[in-house]
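To start, the structure under review is shown below, and the notes come after it.
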Amino acid sequence: MQFILCMASKSKKKDKRSNVMMDNVSVVTMFTLSGLSGTTNYRVILFVLTLLCYSVIWLVNLTIIVAVIVDRKLHEPMYIFLCNLCINGLYGTAGFYPKFLMDLVSTTHVISYTGCLLQGFVLHSSVSADFSLLLLMAYDRYVAICRPLMYHSVMTKQRVCVFLFIAWLTPIYLVFMGTITTSRSRLCGSHIPKIYCVNWLVGRLACSASIANIAIPAFNYTFYFGHFVFIIWSYVCLVRTCLTSKENRAKFMQTCLPHLFCLLIFFVCLAFDLLYMRFGSKDIPQSANNFMSIEFLLIPPVINPLIYGLKLTQIRNRIIQFLYGSRL
């Protein structure tokens with residue numbers, strides 16, 4: 001009888017201990033970001049450069065946005081898609097730069113659980129929206145060059161609005177579902193080896209992987225890989241069509257070449273970030289890891305507006321006219 005009571009008391013102690021452990025595991029309120037651990041000596045310089053870069057991002061993107069909105073001649077599908085691409089650039093960078101600047105002037109690099117999920121949602125949805133908008137721009141150029149007689153009947157104002165609505169709603173919905181499943185996971189850690197939060201790294205801190213945590217990201221990657229395949233297919237058709245006439249080659253060089261440059265920049269920067277998440281290790285210097293992880297937040301938001309602003313004649317003329325008029 002005493003043996004049974006002793007065993008029962010031990011089992012109760014184990015249950016209490018397991019409950020305490022479960023409670024400690026499930027309650028994670030803060031995450032530690034370790035990507036800035038080695039930037040103490042040049043933190044001020046990095047802060048100034050980052051602030052300058054963020055200011056340039058706002059300047060060049062806002063210039064394109066205002067130019068497209070103000071000039072009615074630019075109210076065409078190609079320029080409207082470009083305007084939304086610049087808006088998305090400001091949206092995505094707003095999820096990173098303010099927090100990064102705060103971390104540079106702070107001695108502790110932490111982020112709340114809610115803030116981490118929000119930052120991951122903004123960054124993931126921004127990248128996904130980039131895919132959708134670049135796909136729309138590729139489709140617009142495909143119809144304009146490969147099916148010119150159908151262009152005005154296909155790219156109507158109503159359809160452009162529907163396309164944009166889907167291009168924004170779909171990434172937000174898909175990433176939101178992934179964020180919800182991540183938020184329901186029981187976490188066994190609070191250390192993130194990066195300078196910002198992404199849902200993929202938060203999901204790796206889960207004590208056990210659920211089916212939803214695996215299925216939803218797999219579906220999202222497959223869905224946007226389909227975007228990539230369609231973009232490649234559309235440009236193969238564009239190149240074939242442009243080889244047939246000088247007029248089509250001129251259109252390609254004027255409107256498609258900037259888009260092609262932006263696509264290459266976006267895909268290369270995104271590939272660097274994916275390589276960092278897959279192969280990043282302690283053997284690589286932390287500064288190199290940080291650069292690889294923020295390339296898609298640094299290069300495309302600056303280069304895309306500059307390429308379009310310099311290459312597309314109507315936008316360039318509108319900007320020059322605006323600057324010249326402001327001087328007068």
Side-chain angles (χ1 to χ4, degrees), residues 54 57-58 60-62 64-65 68-69 77-99 117-142 155 159-182 196-200 216-232 234 258-274 277 293-305 307-308:
Y54 192 41
I57 289 173
W58 267 93
V60 294
N61 283 277
L62 203 59
I64 299 295
I65 294 170
V68 173
I69 293 175
M78 180 178 64
Y79 302 112
I80 294 173
F81 295 149
L82 172 60
C83 179
N84 280 265
L85 187 67
C86 293
I87 293 173
N88 186 57
L90 296 180
Y91 164 70
T93 53
F96 167 72
Y97 281 95
K99 177 65 172 67
L117 292 178
L118 179 61
Q119 187 178 54
F121 170 79
V122 171
L123 295 179
H124 279 279
S125 59
S126 175
V127 172
S128 301
D130 263 337
F131 264 108
S132 299
L133 293 170
L134 289 171
L135 182 142
L136 285 180
M137 296 174 77
Y139 178 70
D140 174 76
R141 291 300 86 201
Y142 167 78
M155 304 302 292
R159 288 187 179 179
V160 169
C161 292
V162 172
F163 290 157
L164 286 174
F165 179 76
I166 295 174
W168 281 104
L169 181 63
T170 303
I172 290 175
Y173 174 75
L174 293 177
V175 176
F176 179 75
M177 294 301 296
T179 304
I180 291 297
T181 56
T182 302
Y196 58 84
C197 283
V198 288
N199 292 344
W200 181 78
I216 292 178
F219 174 81
N220 291 349
Y221 285 131
T222 305
F223 181 72
Y224 285 104
F225 180 76
H227 284 47
F228 173 76
V229 173
F230 179 83
I231 292 171
I232 296 300
S234 66
H259 184 224
L260 186 59
F261 279 138
C262 293
L263 281 172
L264 291 175
I265 292 170
F266 174 73
F267 289 141
V268 169
C269 292
L270 189 62
F272 266 102
D273 185 59
L274 293 176
M277 290 193 294
S293 65
I294 66 170
E295 266 195 308
F296 75 99
L297 293 165
L298 175 64
I299 298 178
V302 175
I303 297 299
N304 290 352
I307 289 177
Y308 280 105

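These values consider heavy atoms only, across backbone and side chains, with no hydrogens, waters or symmetry-generated copies. Residue indices begin at 1 and follow the sequence shown.
Gly95 and Val122 make their closest contact through CA-CG1, 3.8 Å (heavy atoms, listed as atom of the first residue, atom of the second, distance). Contact detail for Val302 and Pro305: the closest heavy-atom pair is O-CD, 3.4 Å. Residue Ala167 comes nearest to Leu136 through the heavy atom pair CB-CD1, 3.7 Å, listed as atom of the first residue, atom of the second, then distance. In terms of heavy-atom proximity, Leu123 sits nearest to Gly92 at CD2-O, 3.5 Å. Scanning both residues, Thr93 and Leu297, for their nearest heavy atoms gives CG2-O, 3.7 Å. Heavy-atom minimum distance, Asn88 versus Ser126: ND2-O, 2.9 Å.
Shown here are the ring pair (Phe, Tyr, Trp, His ring centres under 6.0 Å) partners of Tyr97, two or more places apart in sequence or in another chain: Tyr54. Every ring pair (Phe, Tyr, Trp, His ring centres under 6.0 Å) that Tyr142 has, sequence neighbours left out, goes to Trp233. With sequence neighbours excluded, the residues that form a side chain to side chain donor-acceptor pair (under 3.5 Å) with Thr179 are Asn199. Remark: Ser132 pairs with no residue by the side chain to side chain donor-acceptor pair (under 3.5 Å) rule, at least two apart or across chains. With sequence neighbours left out, the side-chain contact (heavy atoms from CB on, under 4.5 Å) criterion links Ile172 to Phe121. Partners of Asn84 according to the side-chain contact (heavy atoms from CB on, under 4.5 Å) rule, which considers only residues two or more places apart in sequence or in another chain, are Ile80, Leu133, Leu164, Trp168. Residues passing the side-chain contact (heavy atoms from CB on, under 4.5 Å) test with Ile294, sequence neighbours excluded: Phe96, Ile195, Tyr196. In this structure, Asn61 has no side chain to side chain donor-acceptor pair (under 3.5 Å) partners at least two apart in sequence or on a different chain. Residues satisfying the side-chain contact (heavy atoms from CB on, under 4.5 Å) test with Asn304, not counting sequence neighbours, are Leu85, Cys262, Pro300. For Cys86, there are no disulfide bond (SG atoms under 2.5 Å apart) partners at least two apart in sequence or on another chain. Evaluation of the side chain to side chain donor-acceptor pair (under 3.5 Å) rule for Tyr91 yields Ser125 as partners, not counting sequence neighbours.
Aromatic rings of Phe163 and Phe81 (six-membered ring for Trp) have centroids beyond the 6.0 Å cut-off, not under it.
Expressed to the nearest 0.5 Å, how far CG of Asp130 lies from OH of Tyr224 amounts to 10.5 Å. Taking CD1 of Ile64 as the start and CG of Leu90 as the end, the distance is 11.5 Å to the nearest 0.5 Å. Residue Leu118 holds its CG atom at 12.0 Å from NZ of Lys99, rounded to the nearest 0.5 Å. Note that CE of Met137 is 11.5 Å distant from OG of Ser234, once rounded to the nearest 0.5 Å. The distance from atom CG of Asp140 to atom CG of Leu135, rounded to the nearest 0.5 Å, is 11.5 Å.
Atom CZ of Phe230 has more than 12 heavy atoms from other residues, nucleotides or ligands within 6.0 Å.
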